[in-house]
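Treat the numbers as computed from the prediction; the structure is a model and nothing was measured. We name chains A, B, ... by the order of the sequence lines, and we start the count at 1 in each one.
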Amino acid sequence: MSPPRIDRWLLKSEPDEFSIDTLAARPNRRGVWDGVRNYQARNYMRDGMQVGDLAFFYHSSCAVPGVYGIVSIASAAYADPAQFDRKSAYFDPKSSTAAPRWSAIDVALVERWHAPVTLERLRTIAACADMVTLRRGNRLSITPVAAREWRAICAAVGR
DNA sequence: GCCAACGTTGGC
DNA sequence: GCCAACGTTGGC
């Protein structure tokens with residue numbers, strides 16, 4: 001018997017680039033998760049994610065890094081339009097519409113928490129001791145989240 | 001701003 | 001295929 005499919009994720013974003021508040025302010029509370037330029041992270045989007053999966057929205061490179069809420073995966077992976085846009089910071093001259101290199105997905109806000117589960121707090125949660133995104137030197141912007149990690153972090157905000 | 005850690009690139 | 005150089009990430 002194979003282990004259950006991973007259906008929980010963590011999506012990292014610098015709030016100056018794209019924040020959970022920006023997402024919450026949209027009328028439909030949906031957004032495009034684009035600009036991922038790492039192959040492993042892309043593979044998680046393209047090969048691992050399914051519509052309806054849930055993901056923590058993590059803010060990095062900011063005053064208080066941590067998990068600020070939950071989004072759902074609202075589309076299958078598709079070619080990231082930014083890779084073809086010469087004016088975009090995410091433009092990739094090595095990519096082509098015939099053979100797109102990078103993927104994007106749509107996300108929909110599920111919960112925006114009043115207070116984050118901070119990185120400092122995450123490091124104290126025993127169930128998260130082996131969490132991928134907490135590992136030394138990890139820089140992946142998209143990582144799988146184990147069921148026990150998901151439950152423990154939700155419990156930390158009373159969910 | 002610093003710097004450790006990592007991924008990618010490109011010469012060989 | 002190796003690996004040094006480089007650019008980027010992200011906590012502090």
Verify, without hydrogens or angle tests, whether A:S95 (side chain) and A:R101 (backbone) share a donor-acceptor contact under 3.5 angstrom.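 Yes; at least one donor-acceptor contact below 3.5 Å.
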Between the main-chain N or O of A:D106 and the side-chain N or O of A:R30, is there a donor-acceptor pair closer than 3.5 Å?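 No, because the side chain of A:R30 does not come within donor-acceptor range (under 3.5 Å) of the backbone of A:D106.
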Ring-plane angle category for A:F57 and A:W33, please: parallel below 30°, perpendicular beyond 60°, tilted otherwise.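 Geometry flag for A:W33 against A:F57: perpendicular rings.
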Same apolar cluster: A:M49 and A:F56, side chain cutoff 4.5 Å: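 Different clusters.
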Where do A:Y58 and A:L122 land on the side chain to side chain contact (heavy atoms under 4.5 Å, CB included) test, with the steps shown first? CA-CA 12 Å; A:Y58 182 98; A:L122 288 172; 4.3 Å; yes
Output one letter per nucleotide in nucleotides 7-12 of chain C: B when a protein non-hydrogen atom lies under 4.0 Å from the base, S when only the sugar-phosphate is that close, - when neither is. BBBBSS
